[in-house]
2 protein chains.
Amino acid sequence: MVKRVRGSQTGRPIMRLLDLLGRRWTLRIVWELREEPKRFRDLQDLIGASPTIVNTRLAELREAKLVELDEAVGYRLTALGKELLLLFLPLHTWSEKWAKALG
Amino acid sequence: MVKRVRGSQTGRPIMRLLDLLGRRWTLRIVWELREEPKRFRDLQDLIGASPTIVNTRLAELREAKLVELDEAVGYRLTALGKELLLLFLPLHTWSEKWAKALG
DNA sequence: ACCGTTGCTACGTAATTTGTAGCACAAACG
DNA sequence: CGTTTGTGCTACAAATTACGTAGCAACGGT
């Protein structure tokens, strides 16, 4: 099973990041971990994705050092992951404004 | 051809937004439009995706009122799209720190 | 008429995601 | 001990999505 690189392949950090985050469920998983650690099945139920893809995305996020597994409590954001989340928090407020604009 | 809703279906704005942005190439397209309008084929070449999917994503982004087509200059961000981009700009700086942390 | 550019579509193939079932392991229960 | 429960995770076929190439129709310029 060859591991393929998808996305831009430019190697620029922003492109690597956009490629990572621009995969189905990735943003959502980070979002669901924003407050407290979650178990594998909790995440699965929350987002409604198959265990296969949840596991795949978690593996990618762990490799990216944004998420880690603490066996005592479950999956949680790393320090880096929390930093990233902080950048995304304004999205919450903005999304409501956006939804109104959509009518 | 029935249009299916994917993602959380909770209808919460943040979930709609994360679902939209968490699709392949969506974030990337917004990013490529950050400075100036781009033509369909320019976008295609820049991100290296098939015209089929570029068109699909552009249609979604247009429906979400984040991107619009000005026939004189090409695709560009709407006012809403620019607001969203502003929220994402810090990602650029952060991504470089992140890349270093990955080693 | 001809050419280049525009946005976009058709279509067969490849890759990804889904849904369901289930594994191995550990701790708790009876 | 035997069973149950919870844990992370995997197998596998089916469904969905993306890819890659070719090409269309409309328009403007030459």
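By convention in this document, chain letters (A, B, ...) are assigned in the order of the sequence lines, proteins followed by strands, and residues within each chain are numbered from 1. A quick note: this is a predicted structure, and the numbers were derived from the prediction, not measured. Side-chain atoms are counted along with the backbone in the values below, which use heavy atoms only and exclude waters and symmetry mates.
- Picking from dG20(D), dA21(C), dA18(D) the nucleotide with the shortest atom distance to the side chain of I53(B) gives dA18(D).
- Rounded to an integer number of Å, the gap from CD1 of I47(A) to C1' of dT18(C) is 12 Å.
- Distance, D45(B) CG to dT5(C) C1': 13 Å, rounded to whole Å.
- Taking atom CZ of R28(B) as the reference point, atom C1' of dA18(D) lies 16 Å away to the nearest angstrom.
- Residue R57(A) places at least one side-chain N or O under 4.0 Å from the OP1 or OP2 atom of dT17(C).
- Between the side chain of T56(B) and the base of dA18(D), no donor-acceptor pair under 3.5 Å is found.
- Put simply, CG on D70(A) is 11 Å from P on dG8(D), counting in whole angstrom units.
- If you take CD of Q44(B) and P of dT6(C), they are 11 Å apart, rounded to a whole angstrom.
- For the pair R24(A) and dT16(D), the criterion of a side-chain N or O lying under 4.0 Å from OP1 or OP2 is not met.
- Here dA15(C) presents its P atom at 15 Å from CZ of R23(A), a figure rounded to the nearest Å.
- Per the geometry, CZ belonging to F40(A) stands 13 Å off C1' belonging to dC23(C), to the nearest Å.
- Residues L21(B) and L84(B) form a side-chain contact, since some pair of their non-hydrogen atoms from C-beta on lies under 4.5 Å apart.
- In this structure, R39(A) atom CZ and dA27(C) atom C1' are separated by 12 Å, rounded to whole Å.
- Residues D42(B) and P51(B) each lie close to DNA chain C; by heavy-atom proximity, the contact nearer the 5' end of the strand is made by D42(B).
- A donor and an acceptor atom sit less than 3.5 Å apart, one in the side chain of R41(B) and one in the base of dG7(C).
- The side chain of W25(A) lies closest to dT18(C) when the candidates are dT10(D), dA18(D), dT18(C).
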Between E96(B) and R12(A), does the salt bridge (Lys or Arg N to Asp or Glu O under 4.0 Å) criterion hold? Intermediate values first, please. CA-CA 8 Å; E96(B) 306 201 353; R12(A) 285 167 57 196; over 6 Å; no
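- With respect to R23(B) and E60(B), a salt bridge is recorded, a charged nitrogen being found less than 4.0 Å from a carboxylate O.
- Residue whose closest nucleotide on DNA chain D sits further toward the 5' end, between S50(B) and G74(A): G74(A).
- Distances shorter than 4.0 Å separate some side-chain N or O of N55(B) from OP1 or OP2 on dT9(C).
- Side-chain contact check for L43(A) versus W25(A): every heavy-atom pair is 4.5 Å or farther apart.
- Checked for salt-bridge contact, K38(A) and E32(A) miss the test: no charged N lies under 4.0 Å from a carboxylate O.
- Of the candidate nucleotides dC23(C), dA10(C), dG7(C), dG7(C) has the atom lying nearest to any side-chain atom of L69(B).
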